[in-house]
Amino acid sequence: KDYYVYRGWHPGDWTAVERRDQERENLLTVAKEIVVGDFLEVAATWKKEDRRFGLALGNPPYSLAMEFIEASMDIAEHVVFLLRLNFLQAGSRAAFMQRYPPDVFVLPKRPIFGLNQQGKLGTDSGGYGWFHWPGRGERPFGRVLCLSTDGLDTSAPSPEEIQKREARILRGYPVDN
């Protein structure tokens with residue numbers, strides 16, 4: 001009954017795109033194909049070749065996140081990115097967010113990205129979430145789910161339950177029934 005965006009994708013089935021060649025060794029444990037290069041350039045090539053994927057998953061540079069999302073939507077059925085929650089706020093993205101509202105899985109704790117200036121594990125002050133765009137199709141709304149602190153969110157509804165709830169809301173009925 002658990003609903004996880006990544007269900008159905010298994011280590012070894014992945015194609016990885018990474019800018020840093022030194023990460024190749026780490027990626028070999030989960031990816032069948034590794035492309036070293038700029039993701040936006042690689043995605044543009046794959047779009048021209050009509051190459052499609054089930055899932056695009058990543059943590060894009062914040063300054064290029066919108067470009068990464070749009071490029072990923074052109075080549076993948078599902079797009080999932082780790083982003084700051086304030087990504088929802090920018091006026092420059094408002095039209096896109098209204099047309100393609102994501103589901104947001106809010107992380108209860110800020111992620112640790114590495115060592116800070118003092119050499120200790122650190123994070124920044126922003127909240128984060130997994131943003132999920134289920135395809136390129138327009139939809140009326142996205143959902144916000146807060147993940148549990150232990151990382152196992154067993155209270156999340158199944159995709160079927162979500163579709164039933166969304167259908168009831170669109171018809172103007174309460175969700176509880």
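Ion pairing between Arg20 and Glu18 holds under the 4.0 Å rule for side-chain N and carboxylate O. A salt bridge is defined here as a Lys NZ or Arg NE, NH1 or NH2 lying under 4.0 Å from an Asp or Glu carboxylate O, and Asp103 with Arg139 meets this definition. A salt bridge is defined here as a Lys NZ or Arg NE, NH1 or NH2 lying under 4.0 Å from an Asp or Glu carboxylate O, and Lys47 with Glu41 fails to meet this definition.
To the nearest 0.5 angstrom, Leu55 atom CG is 10.5 Å from Ile75 atom CD1. Note that CZ of Phe81 and NE2 of His132 are 11.5 Å apart. Values are rounded to the nearest 0.5 Å. Within the model, atoms CZ of Arg93 and CG of Leu88 stand 8.5 Å from one another, a figure rounded to the nearest 0.5 Å. Between the OH atom in Tyr128 and the CG atom in Asn59 there is a gap of 7.5 Å [rounded to 0.5 Å]. For the atom pair NZ of Lys32 and CH2 of Trp14, the computed distance is 11.5 Å after rounding to the nearest 0.5 Å. In this structure, CE in Met66 is found 12.0 Å from CG in Leu64, a value given to the nearest 0.5 Å.
Counting only heavy atoms from C-beta outward, the side chains of Arg51 and Thr15 approach each other to under 4.5 Å. Using a 4.5 Å cut-off on side-chain heavy atoms (C-beta onward), Leu82 and Phe131 make no contact. Proximity of Leu83 to Ile69: side-chain heavy atoms (C-beta onward) are separated by under 4.5 Å at one or more points. Between Leu145 and Val106 there is no side-chain heavy-atom pair separated by less than 4.5 Å.
Between Phe68 and Phe39, the ring planes are parallel. Angles under 30° get that label, and only those over 60° would be called perpendicular.
Leu85 and Met97 fall within a single hydrophobic cluster, where Ile, Leu, Val, Met, Phe, Trp and Tyr side chains are chained together by heavy-atom contacts under 4.5 Å. Hydrophobic clustering (ILVMFWY, side-chain heavy atoms < 4.5 Å, transitive): Phe105 and Leu107 are in one cluster. Residue Met73 is grouped with residue Val42 when hydrophobic side chains (ILVMFWY) are merged at heavy-atom distances under 4.5 angstrom, including chains of intermediate members.
Between Pro101 and Gly142, the shortest heavy-atom distance links the atoms CB-N, 3.5 Å. Residues Arg19 and Val36 come closest through the heavy atom pair O-CG1, 3.7 Å. Here the shortest heavy-atom pairing between Glu138 and Arg99 reads OE2-NE, 2.7 Å.
Geometrically, Arg84 engages Tyr62 in a cation-pi contact, judged by NZ or CZ lying under 6.0 Å from the ring centre and within 45° of the ring axis.
For CD of Glu49, the number of neighbouring non-hydrogen atoms (other residues, nucleotides, ligands) closer than 6.0 Å is greater than 12.
Side chains of Gln89 and Asn86: a donor-acceptor N/O pair is absent below 3.5 angstrom, by distance only.
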Notebook entry, point to check: Is there a side-chain contact (heavy atoms from CB on, under 4.5 Å) between Val104 and Trp130 once you walk through the steps?
Noted result: CA-CA 6 Å; Val104 180; Trp130 288 104; over 6 Å; no
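For Phe53 and Trp46, the distance between ring centers is under 6.0 angstrom.
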